[in-house]
Amino acid sequence: MTVRTRFAPSPTGHLHVGGARSALFCWAFAKRHGGRFLLRIEDTDQKRSSAEAGLGFLADLEWLGIDWDEGPEHDGHGGGDSGPYFQSKRLPIYEEYFQKLIESGAAYPAFETTEELAEARREARARKEAYRYDRASLSLSPETVKQYLEEGRPHVLRFKVPDDRELVVHDLVLGDVRLAPGELEDFVIRKADGFPTYHFAVVVDDALMEVSHVIRGQEHLANTPKHVLLQEALGFPHPAYAHVSLIFNPDGSKMSKRDKDKLLRAQVKERGIESPPGGIDEATWTTWLGDKTVQLSADQAMVLASELHVDLPEIDVADFQQAGYLPDVLVNYLALLGWSPSDGQEQFDQDFLVSQFDLDRIVKSPAKFDRDKLLAFNLDALQDMSEDDFVERFRGFCEVHHPEVLAHFTDENFRRFAVANKERSKTLLDPIRTGGFFLADDESITWEAIKPVRKALCNGEPCGYDRLEAILPTLREAEDWTVAGLESLIESWAEAHAEGNLGKVAQPIRVAVSGGPVSPPIYDTLVILGKDASIRRMERCLSHREALCPTA
RNA sequence: GACCCCAUCGUCUAGUCAGGUCCAGGACGUCAGGUUUUCAUCCUGAAAACAGGGGUUCGAAUCCCCUUGGGGUCGCCA
């Protein structure tokens, strides 16, 4: 049997890490078995599917290196003979199967309104009972039904669930899952607007697209008996099922896009901030603060986060991309969430994943997303790169996310900047985050009187300021402003004036030119900055001596 | 609330299906040392788990039951 798997997201913006992992497992499984991986867009909700919600996840999948053999056409991927791959374009197909079920008596029209059902559910809840549809419309006389239909009454189609037998789902990771007779209600398969519900569309499409293995999140487990029933009624074979557990935040809550807003809201309240930052208007701000279900746009959230100096939690694949993670590392880490290779290897590439992946090594229990471990993997991957590779990766990252960095440097200096930062970068964003002083104007550098700054500049006898003042003339006269030139210059100066203790000289210089205690190796830093800027910054720092080191 | 799923270090997991080689292994994190012109690395070492209770068995992390805890579903959302 040919293996065919599919990932079937609804078109709601970006790809979530949970979805990415499902897609990855489907992809790896198909590849492992020489099968095909398809992508299908589940856009049967007319209320939600909008053009601007978009197909952003196609780019996310592509970035991760998860390519699809069949599906929407995008950048050379997709196409295929089992299309269309958008469910909204398959309505006539579904209609054909609806008719089959109506004719066989397996489906029937139901005329209750949404409000009536909501009321019934409320009542059942008040009585502390589980609500199941009472089949009221099933007991309508044929004449009444006929009359209602002729009147054009709005109605849905419900599937008549056989209630005389136990339902079993054979799951490749969970084993057999059983459901007692009568637990399932007659669920809706066609909405009043004529669109199929998820349950119906998924069954028809999986069958028609000859999907052999359905690998998806465990939130679908409870739905699967419905699908099995539908397959039987329609005469379709059952695909093999594999339900993988969910991914959670470290605190055990479900990883959700709302987490970003949750964090921001908490920060805003904690600090008692009342007015919105630029980019967010007053009205948006007020409703957002007052309503927990309202989300800021990605841009607005970023503005606010940078205003508050907090890091937003990464939730979507795009967040990790922007935060400077490597796609191969994310894929590696995601694969490890719920799966592990038999030899225990933890860091691997996609070829290895494909060669090793199988469903029988998937774990049943849910996993918490550990950003520290991801970060450690990203660091390892970055450090393992050659300088050239790193420079190119970093350049690519800047092109997309930080063109201002590229614009600031000459090619030669960009390379120097990248290489100098490589060894302490955990992400591609780190050089930019910790190297802001490189990009800043000489006149805008400030020195905060924090402990490490004061230590470098004010403490000791002679103190850093004394040494800075002493070495400045030497630096002014330096002709060979290169790493080698500065190295011999500063080291011999340290030899002569600081008992050979390089730190006593380097750290004051570092603080002076960067404004803080952290920078790449000092010679690299000075060369990237250039002589003029370095000298100017040291002079300015010197002029702030009184403010930083008040003489008591 | 009903139904379903799950349960090994703080976290991800190996080991569970085929009970003994497991006083439980690895990784991330943590802690303690060391290297380093800062930070980050890097090196060495340490602490750290079979949720609880009953069985079955010569023997249980592994099999069974109960309890507890966590999660999912219960939509004309997917």
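Treat the numbers as computed from the prediction; the structure is a model and nothing was measured. Reminder, nothing fancy here: chain letters follow the sequence lines and each chain counts from 1. Just so it is clear, the values below take in all heavy atoms, side chains as well, and ignore hydrogens, waters and symmetry mates.
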Side-chain donor-acceptor pairs of residues 492-499 of chain A under 3.5 Å, sequence neighbours excluded:
from, atom 1, to, atom 2, distance (Å)
A:S492, OG, A:S488, O, 2.8
A:S492, OG, A:L489, O, 3.1

Flag yes if more than 12 heavy atoms outside A:K191 fall under 6.0 Å of its NZ atom; otherwise flag no. yes

How would you label the contact of [X] with the nucleic acid (heavy atoms, under 4.0 Å): base, sugar-phosphate, or nothing?
X	answer
A:T113	base
A:R178	sugar-phosphate
A:F248	sugar-phosphate
A:K426	sugar-phosphate
A:T114	base
A:E219	sugar-phosphate
A:P520	base
A:G516	nothing
A:E346	base
A:P452	nothing
A:H243	nothing
A:L246	sugar-phosphate
A:E116	nothing
A:R190	nothing

Who passes side chain to side chain donor-acceptor pair (under 3.5 Å) against A:K373, sequence neighbours left out? A:E346

Those residues at least two apart in sequence (or on a different chain) that pass side chain to side chain donor-acceptor pair (under 3.5 Å) with A:H544 are none

Residues within residues 358-375 of chain A bordering RNA chain B, heavy-atom distance below 4.0 Å: A:R361, A:V363, A:K364, A:S365, A:P366, A:A367, A:K368, A:D370, A:D372, A:K373

Near RNA chain B, which residues from residues 166-177 of chain A have a heavy atom under 4.0 Å away? A:L174, A:V177

Residue list, ring-ring contact (aromatic ring centres under 6.0 Å, His included) with A:F438, at least two apart or on another chain: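 By the ring-ring contact (aromatic ring centres under 6.0 Å, His included) rule, A:F438 matches A:F417.
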
Got a list of side-chain donor-acceptor pairs under 3.5 Å for residues 219-226 of chain A, not counting sequence neighbours?
from, atom 1, to, atom 2, distance (Å)
A:H220, ND1, A:Y198, OH, 3.2
A:T224, OG1, A:R216, NH1, 3.2
A:T224, OG1, A:H220, O, 2.9
A:T224, OG1, A:L221, O, 3.2
A:T224, OG1, A:H243, NE2, 3.2

Would you measure the distance from the [atom1] atom in [N] across to the matching atom in [M] and give it in whole Å?
N	M	atom1	result
B:G29	B:A48	C1'	11 Å
B:C23	B:U73	P	41 Å
B:G26	B:C39	C1'	29 Å
B:U13	B:A51	P	15 Å
B:G52	B:G69	P	15 Å
B:G25	B:G34	C1'	27 Å

Using side chain to side chain contact (heavy atoms under 4.5 Å, CB included) as the criterion, list what pairs up with A:T482, not counting sequence neighbours. A:D480, A:A484

Which residues pass the side chain to side chain contact (heavy atoms under 4.5 Å, CB included) test with A:R416, not counting sequence neighbours? A:E412, A:N413, A:V527, A:I528

G-U wobble or Watson-Crick pairing nucleotide for B:U41 (cut-off 3.5 Å, both distances):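 Its partner is none (no Watson-Crick or G-U wobble pair with both distances under 3.5 Å).
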
Suppose we define a pair by two distances each less than 3.5 Å, Watson-Crick or G-U wobble; what does B:C28 pair with here? B:G10

Taking disulfide bond (SG atoms under 2.5 Å apart) as the test, write out the residues that go with A:C458, two or more places apart.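 Checked A:C458 against disulfide bond (SG atoms under 2.5 Å apart); matches are A:C549.
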
Backbone N/O of A:K426 and side chain of A:D430: donor-acceptor pair under 3.5 Å: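 Yes, because the side chain of A:D430 sits within donor-acceptor range (under 3.5 Å) of the backbone of A:K426.
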
No-hydrogen, no-angle side-chain donor-acceptor test under 3.5 Å, A:D380 and A:Q347: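 Side chains of A:D380 and A:Q347: pair found under 3.5 Å.
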
Under 3.5 Å, is there a donor on one side chain and an acceptor on the other for A:S519 and A:T525?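 A pair is found: one side chain offers a donor N or O, the other an acceptor, under 3.5 Å apart.
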
Want to settle it: does A:Q507 or A:L379 sit nearer the 5' end of RNA chain B, counting the closest nucleotide to each?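 Taking each residue's closest nucleotide, the earlier one in sequence belongs to A:Q507.
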
Nearest-nucleotide comparison on RNA chain B, the residue closer to the 5′ end among A:S519 and A:T197: A:S519

Could you pull out all donor-acceptor pairs under 3.5 Å where a side-chain atom in residues 19-26 of chain A meets a protein atom, sequence neighbours excluded?
from, atom 1, to, atom 2, distance (Å)
A:R21, NH1, A:L337, O, 2.6
A:R21, NH2, A:S245, O, 2.2
A:S22, OG, A:G18, O, 3.4

Range on RNA chain B touched by chain A, heavy atoms, distance below 4.0 Å: B:G1 to B:A78

